[in-house]
2 protein chains.
Amino acid sequence: MAARTSNKTSESLDKVSVICRALRRAIIEQALEPGAKLPEDSLGERFGVSRTIARHALGQLAAEGLVELRRNRIAVVATPSWQEARDAFDIRIELERLVVRQLAGKLTKAQIAELNAHVDAEDRARGSTDAVSIRLATEFHILLAQMTNSPILVRYVSEVAYRCCLTLSLFSRPHSTECAINEHRAIIAALGKGDADKVMELMHHHLDSVANRALVAPTPQRGRDLLDILAPYADEVTSERVVKLTKVARRG
Amino acid sequence: MAARTSNKTSESLDKVSVICRALRRAIIEQALEPGAKLPEDSLGERFGVSRTIARHALGQLAAEGLVELRRNRIAVVATPSWQEARDAFDIRIELERLVVRQLAGKLTKAQIAELNAHVDAEDRARGSTDAVSIRLATEFHILLAQMTNSPILVRYVSEVAYRCCLTLSLFSRPHSTECAINEHRAIIAALGKGDADKVMELMHHHLDSVANRALVAPTPQRGRDLLDILAPYADEVTSERVVKLTKVARRG
DNA sequence: CGGGTGTCAAGTGCATGCAATTGGAGCGCT
DNA sequence: AGCGCTCCAATTGCATGCACTTGACACCCG
């Protein structure tokens with residue numbers, strides 16, 4: 001239009017949601033621990049955007065319960081209490097029972113293959129860090145939810161699963177993923193057979209046992225540099241400004 | 001501190017959430033119909049804030065699913081499809097079964113009195129408009145959720161209930177509230193007796209029947225003036241700027 | 001030496017300004 | 001008339017600037 005149409009701005013993938021995704025991942029992978037401070041301008045610097053955008057992203061994450069926003073104070077990664085964690089799991093159990101009830105016997109071959117492929121990935125990642133395993137396990141559940149084709153259900157399952165993920169990072173012990181993988185396989189099998197009650201029972205037990213393992217004390221370790229922590233996550237943001245600013249940063 | 005501490009800004013009750021509340025109410029009372037446009041600056045004018053704030057509020061409401069945000073386009077009130085409405089009710093049923101399961105037999109006398117008082121209010125409002133009845137009925141369910149003392153559960157029940165409210169406004173017929181009030185009373189009674197299974201069944205049936213009534217055709221009526229529609233809702237915003245701007249507005 | 005107090009930098013809350021995008025009105029061409 | 005084009009007003013996307021709040025440190029006084 002008018003004079004010229006710059007093809008530079010055509011990326012358009014909404015900076016806010018990009019930052020949300022990055023932060024979400026950093027949080028559930030425990031790169032950002034519960035209680036970690038998230039000052040708007042540090043975020044803005046790291047991701048190459050203004051405070052306005054960083055602020056907006058924090059608002060979204062707060063709505064999801066991953067971030068705590070206190071008026072006139074620096075935002076922090078949410079630190080769910082034990083009770084809140086338990087509540088989240090209770091809700092999650094109900095939601096995911098609904099998911100598998102809707103899915104039982106209705107999956108295509110391709111979908112079952114996709115699920116199996118994901119569990120294979122979980123298997124392969126068994127050598128990786130705890131946080132990565134937890135993230136993959138969480139993504140399995142989200143993948144299931146997506147197959148319901150119910151955007152609302154996907155949203156709620158994702159949110160509550162991320163929340164649970166957050167608390168798992170806090171409380172759980174290393175070996176917890178081991179058996180979960182088998183349980184994932186069992187769920188897939190039961191879904192294929194179409195026995196709704198059976199798969200609901202499996203899912204219930206699966207989540208309940210994961211939750212029950214989360215009864216150990218937390219392991220605090222605060223205080224790393226925000227800019228360092230976020231470095232790998234900022235790479236995903238495709239903008240020359242990031243690079244430029246990354247050099248300057250370092251004023252923590 | 002320093003020179004002076006202006007006591008003017010001490011109100012501090014977070015403009016964003018005030019606007020969210022106002023818009024939420026306007027939406028679920030059908031003052032703003034699904035599809036209604038919500039331009040940032042009109043909102044800002046009406047509520048006496050800048051676009052920044054209005055925008056942020058829209059973001060929150062979008063996260064709740066009440067508003068649809070399209071890139072570079074005017075935001076609109078969400079228009080849930082019939083399928084989405086059904087999905088929302090399915091989720092809601094599970095969540096509220098959880099609520100009453102947790103509550104059965106554990107309510108204090110005072111809480112039961114509070115619930116009864118609310119239903120009395122619903123009774124009294126039977127003469128009012130449909131939208132008001134629907135809102136009150138919805139608030140009954142939210143009140144229940146709040147009694148679980150689980151902030152997460154409150155949030156999800158509220159959200160999904162508002163969503164359902166939105167679709168009810170779209171699809172439902174006048175008489176639908178009549179019997180719902182009796183069902184509310186029955187639920188309170190069963191909660192008092194402490195029979196968890198019974199009250200879960202009651203709640204399930206209650207929500208299911210409400211949902212099943214929502215099968216009639218929508219009644220479109222678009223096109224009123226945003227500034228007029230919002231007038232009664234803007235009154236809640238305590239700021240002299242609102243008054244000033246209200247006179248100027250009118251540039252639709 | 002301890003507790004109140006002044007000062008200040010870091011950070012948030014919000015408004016405003018500017019560039020880019022969009023939808024549509026007007027206009028010409030067929 | 002119908003179709004496409006250009007241009008413009010309305011509106012969003014985003015950065016920046018300024019006022020206010022908060023927490024911390026140094027300072028002073030008892």
Side-chain angles (χ1 to χ4, degrees), chain A residues 1-20 36-60 62 67-76 225-227 237 239-242 244-245 249-252, chain B residues 1-20 36-60 62 67-76 225-227 237 239-242 244-245 249-252:
Chain A
M1 317 216 166
R4 57 199 195 83
T5 324
S6 88
N7 64 341
K8 227 170 79 179
T9 24
S10 60
E11 311 164 21
S12 293
L13 241 145
D14 202 355
K15 306 195 182 183
V16 173
S17 40
V18 172
I19 295 180
C20 276
K37 292 181 183 176
L38 302 169
E40 295 172 359
D41 34 8
S42 308
L43 258 38
E45 275 177 28
R46 175 48 89 192
F47 291 108
V49 298
S50 78
R51 278 201 314 121
T52 309
I53 305 304
R55 179 184 187 74
H56 206 90
L58 286 175
Q60 297 296 307
V67 159
E68 210 171 317
L69 239 41
R70 306 109 93 210
R71 186 172 175 90
N72 283 321
R73 311 275 309 276
I74 303 178
V76 295
D225 187 311
L226 180 69
L227 295 175
V237 185
S239 157
E240 64 283 11
R241 285 200 58 188
V242 177
K244 196 179 70 190
L245 284 163
R250 283 253 132 255
R251 57 154 198 58
Chain B
M1 315 204 172
R4 55 197 196 84
T5 323
S6 89
N7 65 341
K8 229 171 81 179
T9 25
S10 58
E11 311 165 21
S12 293
L13 243 145
D14 201 357
K15 308 195 181 185
V16 174
S17 38
V18 172
I19 295 180
C20 275
K37 291 181 184 175
L38 302 169
E40 295 173 359
D41 36 8
S42 307
L43 258 38
E45 274 177 30
R46 174 48 88 192
F47 291 109
V49 298
S50 78
R51 280 202 311 121
T52 310
I53 305 303
R55 181 185 186 72
H56 205 90
L58 286 175
Q60 297 297 307
V67 158
E68 211 171 318
L69 238 41
R70 307 107 94 208
R71 188 175 174 88
N72 283 322
R73 312 276 309 277
I74 302 179
V76 295
D225 186 311
L226 179 68
L227 295 175
V237 186
S239 157
E240 63 286 6
R241 285 201 58 187
V242 176
K244 198 179 68 189
L245 284 162
R250 285 254 132 253
R251 56 158 200 56

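Numbered from 1 within each chain, the chains take letters A, B, ... in sequence-line order. No experiment lies behind these values; they were computed from the predicted model shown.
Of all non-hydrogen atoms in A57(B) and C20(B), the two that sit nearest each other are O-SG, 3.7 Å. Taking both residues in full, the closest heavy atoms of H56(A) and R55(B) are given as CE1-O, 3.8 Å, listed atom of the first, atom of the second, then distance. Nearest heavy-atom pair across V76(A) and R70(A) is CG1-NH1, 3.4 Å. Of all heavy-atom pairs between L38(B) and L58(B), the closest is O-CD1, 3.7 Å. When every heavy atom of A54(B) is checked against every heavy atom of G44(B), the shortest pair comes out as CB-N, 4.0 Å. Residues A75(B) and L69(B) come closest through the heavy atom pair CB-CD1, 3.5 Å.
If you measure from atom CG of D14(B) to atom P of dT21(D), you get 14 Å, rounded to the nearest angstrom. Rounded to whole Å, atom P of dA15(D) lies 13 Å from atom CD of E45(A). Rounded to whole Å, atom P of dT21(D) lies 7 Å from atom CG of N72(A). Atom CD in E68(B) sits about 15 Å away from atom P in dT12(D), given to the nearest Å. Atom CZ in R70(A) sits about 16 Å away from atom C1' in dG13(C), given to the nearest Å. Regarding D41(B), its CG atom lies at a distance of 16 Å from the P atom of dA9(D), rounded to whole Å. In this structure, the CD atom of E40(B) is 15 Å from the P atom of dT16(C), given to the nearest Å. Between the CG atom of L43(B) and the P atom of dA10(D) there is a distance of 18 Å, given to the nearest Å.
Taking the side chain of S50(A) as heavy atoms from C-beta on, and the options dC14(C), dC14(D), dT16(C), the nearest nucleotide is dC14(D). Set against dG11(C), dC14(D), dA15(D), the side chain of P39(A) has dG11(C) as its closest nucleotide. Comparing dA15(D), dG11(C), dA15(C) against the side chain of I74(A) picks out dG11(C) as the nearest. With dC18(D), dT21(C), dC18(C) as the choices, the nucleotide that has an atom nearest any side-chain atom of R51(B) turns out to be dC18(C).
Within residues 53-60 of chain A, the residues having any heavy atom closer than 4.0 Å to DNA chain D are, in order of number, I53(A).
Between A75(A) and T52(A), it is A75(A) whose nearest contact on DNA chain C lies nearer the 5' terminus.
We find the CD-CD1 distance between E68(B) and I74(B) to be 13.5 Å, quoted to the nearest 0.5 Å.
Note on R73(A): every side-chain N or O is 4.0 Å or more away from OP1 and OP2 of dG11(C).
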